[in-house]
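Since we're looking at a predicted model, the values are computed, not measured. In what follows, chains carry the letters A, B, and so on, assigned in the order in which the sequence lines appear, proteins first and then strands, with residues in each chain numbered from 1.
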Amino acid sequence: MAILDGTSGSPTRKKPSVGKWALYGAIGIILLAVPAIAQNPYQVHILNMAGIYILISLGLNIAMGFAGQFNLAMGPLWGVGAYTAAILNTRYGIPFWLNLPASMVVTGAIGALVGLPSLKVRSHYLAIVTIGLGEVINIILLNQEKLTGGALGIPKIAMPGFFGIPLNNDRRFYYLILVVVVLGYLLARQILGHRIGRSFRAVRDDFQAARAMGIDTTYYQVLAFAISAVYAGAAGALFAHLNTYISPDIFEFSSTLFVMTMTMVGGMGSLAGSVIGGLALPILQELLRVIKNWQLVVYGVAIMVVVLFVPGGVVEIARRLRESSANRKSRSSQSIAAAEQAEDSGVP
Amino acid sequence: MKSKVLTFIMAASIAMTAVGQVAPIKIGLIGAMSGTNAVLGDWMKKGVTLAIEQQNAAGGINGAKIQLIVYDDAANPTVSVGLAQKVATEDKVMAVWATTNSSSALADIPVFTQYKIPQLTNGTFDAITTQGSSYIFRVCPAGPAYEDPLVDYLVKKGNTKFAIIGDTSAYGQGEIAYQTAALTRNHLSPLDTEQYGIDDKDFTGQLTKIFRAQPDVLLLASSEVAGGLVARQARQLGFTGTIAGGSAMGTPKFIETAGADVAEGVYFTSPYPGNQANAKTRAFAAAYKARWGEDPEVHGANTYDGMKMLILAMERAKPLTPENVAAEMHKIKGYQGLQGTFDYDARGEGIKATNLGIIKNGQLTYLEK
Amino acid sequence: MFLEIENLTMQFGGLVAVNGFSLGVAEGTIQGLIGPNGSGKTTIFNVLSGYYKPSGGKITFKGKRISGLPSYRVTASGFARTFQNLRLFKSMTVLENVLVGMAQHAETGLLSAIFNPIAISHEEEYFHEKAMGLLKLLDIAEFADTLATSLPYGHQRRVEIARALGTDPKVLLLDEPAAGLNETESENLRKILLQIRELGVTICLVEHDMKLVMGICDRITVLDYGKKIAEGTSSEIAKDPVVIEAYLGQEDNS
Amino acid sequence: MNNTSIFIQTVIGGVGIGSLYALIALGYSMVYRSMGLVNFAHGSIYMVGTYFGIMWYAGLVMGLHVPYPIAFVIGVLLNGAFGVLLERILRPLAKLDLMFMLLGTIGLGYVLDNLFVIIFGAEGFAVRSPLPSMPLVILGVRIQPQMLLVIGVSAILMVALQLFLARTKTGKAMRASAMDRDIASAMGVRVNRMNALTLAIGSGLAAAAGILAAPIVYVNPAMGAAVGLKGFAAAILGGLGSIPGAIAGGLIFGVLEAISAGYISSAYTRGIAFIVVVVVLMVKPSGIVGEITVEKV
């Protein structure tokens, strides 16, 4: 660079403290022990589904929370991933380990196509375009009977094995999902911590200013869609091989809404939000089951309360709590709090 | 609504009193209790509950009362699989009803096969019994059993020009396939086959296209409500030929939706010969009406049949384990139910015959064979 | 010429915002662009930075045509701009804002982000240091980790300049950088701009602060109703009767 | 039947359903224009309005069978009043980003849908048409009488709305308020009251659509979802915020569906209609009648 080779400026990234590492360790041990702690496979099943939803939610979060791109085709894209894996497995006998990357590639490519209109239309117009393209995907899944089995879907998808160990029940499958989710999370952190993530946020915050900074917005918009679809594809392959049966009605617009709800309850624009929301919502549904017909009413009210009072979701509640305790400790160090707030970079 | 609440309280109190010295035998029921398919779940619950209550009143099974645990999957296969896990591993049921929706039933099969729990369904998709599971039991005939006799009869009456209209749901797509196959059996093919989405309400485009081919017979391949709407619009667009369909058209719901005038003369097939067919059905219909305040239809009847046979299998199973119950289910031969004679085979099919009926004066009436 | 604007015309429907405007800018100079409100200055900036496609005429930079290119490609060819009404990235710290502009010079892409975290962390550290250098130059290093939009207005202006410099420009387009600044801040800005010129960056300046414009611009172009009415050094402009009539005189009245 | 009359018959079916979409799209567009709110609960409001009218006609209230036209008026008025109530709930949502608006109003939709499931049951019921069921035959074209009623009443409502907005003092105040809230309030227009009125009209139109459609469709608490989405697509197709756009968008969407069902592929109908919307938006990113807004730098 021609201007000023920086000489003494120090990078300001923090290294996690010992306490944080201990916390990570504890969480890790609990995560590994879950199948043993769980009282029955059903509880593990709930967690497995939560893991699959977390993956989709991470993808949605990257596109919508970080890059500001309305991808409301996430449910149908999840279906593309699931169908890719299911077709490869039931027709050609290809095992899960090859289907996973294949689903990610196919879904990523279709996701990029779904993202192309984002170059022309914005906000609510983009919302209906992605909803519409999602519907088109779903209709294709429904009507290409020779390929997809039509409305009755595809049964008898084989569960994967791992070096001779069949992952043929929820407890065993749990570890597979855990590994993929952790990798997916770390990868998302890696991408978002990189200039790609900053470019995403720049595109979201101010489209024109981002272009003025030399950011090829076309590339980043389509990339955001593609990455979100890759996550949906991975989730689809896992789901197909866990469930062993898939049908088009699973991947309708309502599934997009479900993932969007969990992401926003957890915290849009925060990867931790995807994890929290992905765990919280299925568990909330379980708890609400006892009130039967009222559960969806309560659910709707809960969504409105979150949107109106804590638009940043659970992550924001946690941050507010942390901030208020920090403020009590030292009222003078407001700039530090502000810096911390910036570092967490939740919803502005 | 009030009656539903009351029902729930009664069912709950019955379940409570059942908890005596002997632990109750738990039966799971997964079905659509909300959403557009809620009526199917409701019918299943009514038929099953009636049979259970009668058995409990007669002393249960070797002194143990039967307890029904109901879950709502809103016809969503993902939710259904989760609930299947729940009833299998948390509630540890003896047997389970899951579900009327063929796609949910299919989704649940691997779970109940894994946990070796007998799964009863009244879904009609034929592939349900070809999944290689010995724990799945269908309590009604499979799809082709409805469409073959219907088409055979109409062809015998001299009709050759058929057209099919159905929805894109699992049920609709299945029916279209069976109707097409039934026509092929008779060396015919449909003049036109049209489909519509389950949310569609106007079928002018499809019907206008179909009527260009001037069919004599319009075969409906859809559920009660959509079938009724299509029949109504077909008549309003001037179709004067025959309208016919599978068991969905043999329901009061179809007559209500289509309107009695439109429903008049519609042919249907049903395994259930009707409430007034014989002493058995009359007794069932009376008990059902006394319990639920409405007349039973085919779904109430086939789930009642299925629950009766399940009770039989549970009484015979020694010791009483889900695995033994399934084995006993397979041994059921010559059981006389409301729908006719059941002989279970290795795949889990119990009955194949259906009755041909026609709607006359707003009533379901059956033709002599 | 280093930067050459030839016969530039910009129409919006029936409205002609810029009419046959030509200008040559020499390397390493500070070029001022003044004129009454609505005279077309910002429009010229918007064409220059690729936000609008011109209706007529062309712009060449070091002999290469840049008019008609999308704005990010214009930036990549060595232009950077600030915005009249601040447009900082609202979710980002001061440092991150500056880092955004550096992104285009990165060598690592998506694949390295996934498979080569070490290269990434080296590159990030390198950019951090550079960005901190820029923040020092603009005297806002202490706010590196503060949310940019939470800073006082004058500081935000400096962040905008630092962010633009982050793209490593040959030409810096500044749209009213002194707007809303007080006397001292304006004086600081003057010093900073001169320092930037020392680094070899050519500056194009749209500004209403006459003291600043007259004080630092090597050449000044005056616009009125989308047309160039005068051009020259600050002393020539100050004496030009046409300019006094059209612009300076007007200001006296207000 | 010759090809022309077949085509006309197909198109009339499309115009009928398209009129319903247009009435729904008007609700989206008017509320967006005045409050800046994209109200995804509008499909549920349509469902609620249908019940508000049809429950009197179908004997759900004390076994009453009120004549259809009276039930229609009662339903429209009740839903209009309900719209006023909704304005209070939706007001805070209008200030949020689209993402939050979307989820918040969908949450409201969940509440309404499921409250109605609890009150009326999920099963639903069929509604008798007040008109004779035999078709009208005009030059070989067969038309369902109820469809003709749908088209006729919808047309009257749309013209009435245009006249109201263009000619009356209140209508002009509503338009002023929609164009610039600050100026309107400076001129003494009570913006919140105008918004409430807008929601009342939008909800009333939705109720009208639902009550007109009830004898053709099947009434249940889930009936709003699909129509709500298609109505939104229609509003976007026409250009969100434009009243002629909403009407054009609705009719075009309905006719598109009918033609693709009748001539292209009935199974892919819904997909084809959405593809056309996407293609139109690629060419005209703010819809058919939408104004292009130039972003300020």
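- A donor atom on one side chain and an acceptor atom on the other are not found under 3.5 Å apart for B:Gln195 and D:Ser266.
- Rounded to the nearest 0.5 Å, atoms CZ (B:Arg235) and CZ (D:Arg142) are 12.0 Å apart.
- Ranked by heavy-atom pairs shorter than 4.5 Å toward chain B, the options D:Phe125, D:Tyr263, D:Tyr218 are led by D:Tyr218.
- Between the side chain of B:Glu256 and the backbone N or O of D:Ala126, at least one donor-acceptor pair lies under 3.5 Å.
- Side-chain atoms of D:Ile216 and B:Gln233, non-hydrogen and from C-beta on, do get closer than 4.5 Å to each other.
- For D:Leu229, no part lies under 4.5 angstrom from a heavy atom of chain B.
- Under the 4.5 Å side-chain criterion, counting only non-hydrogen atoms from C-beta, B:Thr204 is in contact with D:Gln144.
- With a 4.5 Å cut-off on non-hydrogen atoms, D:Met223 does not touch chain B at all.
- How far NZ of B:Lys209 is from OG of D:Ser265: 7.0 Å, rounded to the nearest 0.5 Å.
- Only the backbone of D:Val127 has a heavy atom closer than 4.5 Å to any heavy atom of chain B.
- In this structure, the portion of B:Asp261 lying under 4.5 Å from any heavy atom of chain D is its side chain and not its backbone.
- Relative to the six-membered ring of D:Phe7, B:Arg212 misses at least one condition, a distance below 6.0 Å or an angle of at most 45° to the axis.
- Taking CG from B:Leu237 and OG1 from D:Thr10, the interatomic distance works out to 9.5 Å, rounded to the nearest 0.5 Å.
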